[in-house]
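Reviewing the structure listed below.
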Amino acid sequence: VTLVMALWDSQVGAVQVTQAGHNPIIHYQAKEKKAIKLAHGGVALGMIEDISKVVSTKSTTLLEDDLFVMYTDGITEARDEKEAIYGTEALMHSVEKNSYLNTAQAIHNAILKDLHDFMGAHPQDDDVTLMVMRRKK
């Protein structure tokens, strides 16, 4: 079981993230118009008895209009009818492409549409969980 926890102070934009073997988080930096992967780490829960030495908390700051995207591997490992995998780069491109939308919900919906368009008629193989946060003034 993987885990990601985020503590967000929306007043100042500070985010603290702890991960246990989960996918990297995507941080869309509005000023640069670029999505980056935040470093991730740790080991999945239950793999070793004491994970305290391999799990750490990292901090970042969201500026105005920045996005913070957390997701499960059901998105990045989704396949199309030819068995091609969607991947993290396609997800990051979708975040960048849809970042102009006004709300986090609209961006969320657009990312899922891009994913389903990619998959075509291929059935969903895994859970698809997506969370999009946007810092507004």
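Positions are given from 1 along the sequence. In this text the structure is predicted, and so the values were computed from the model without any measurement.
- Leu63 places none of its side-chain heavy atoms less than 4.5 Å from the side chain of Gln29.
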Inset, instruction - For Glu89 and Lys37, run side-chain contact (heavy atoms from CB on, under 4.5 Å): C-alpha distance rounded to whole Å, both residues' side-chain angles, the deciding distance at 0.1 Å, then the answer. - result: CA-CA 10 Å; Glu89 294 304 317; Lys37 290 186 284 188; 4.2 Å; yes
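- The structure places CD of Glu96 at 5.5 Å from NZ of Lys34, a figure rounded to the nearest 0.5 Å.
- Annotation: the span from Gln16 atom CD to Lys58 atom NZ amounts to 12.5 Å, rounded to 0.5 Å.
- Follow the hydrophobic side-chain contacts under 4.5 Å out from Val15 and you never reach Met5; the two are in separate clusters.
- The two atoms that bring Ala30 and Asp66 nearest to each other are N-OD1, 2.8 Å, heavy atoms only.
- Lys113 places none of its side-chain heavy atoms less than 4.5 Å from the side chain of Asn109.
- Contact record, Asp125 with His122: OD2-CE1, 3.3 Å, taken as the closest heavy-atom pair.
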Legend entry - Test side-chain contact (heavy atoms from CB on, under 4.5 Å) applied to Thr60 and Val17, step by step: CA-CA 8 Å; Thr60 192; Val17 179; 5.6 Å; no
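- Counting all heavy atoms, side chain and backbone alike, Ala110 lies closest to Ser94 at O-OG, 4.4 Å.
- Annotation: ring-ring contact (aromatic ring centres under 6.0 Å, His included) contacts of Phe68 (sequence neighbours excluded): none.
- Lys136 meets the side chain to side chain contact (heavy atoms under 4.5 Å, CB included) test with Asp65, Arg134; sequence neighbours excluded.
- In this structure, Met92 shares a hydrophobic cluster with Ile26, Tyr28, Leu67, Val69, Tyr71, Ile75, Tyr86, Leu91, Val95, Tyr100, Leu101, Ile107, Ile111, Leu112, Leu115, Phe118, Met119, Val128, Leu130, Val132, the cluster being traced through Ile, Leu, Val, Met, Phe, Trp and Tyr side chains under 4.5 angstrom apart.
- With values rounded to the nearest 0.5 angstrom, Leu7 atom CG is found 9.0 Å from Thr18 atom OG1.
- His27 NE2 to Ile36 CD1: the interatomic distance, rounded to the nearest 0.5 Å, is 6.0 Å.
- Here the closest heavy-atom approach between residue Thr88 and residue Thr76 is recorded as OG1-CG2, 3.7 Å.
- When atom types are taken as modelled, the side chain of Thr72 and the backbone of Thr129 share a donor-acceptor pair closer than 3.5 angstrom.
- Here the straight-line distance linking atom CE of Met133 with atom CE of Met70 works out to 4.5 Å at 0.5 Å rounding.
- Between His93 and Asp114, the closest side-chain pair of non-hydrogen atoms is not below 4.5 Å.
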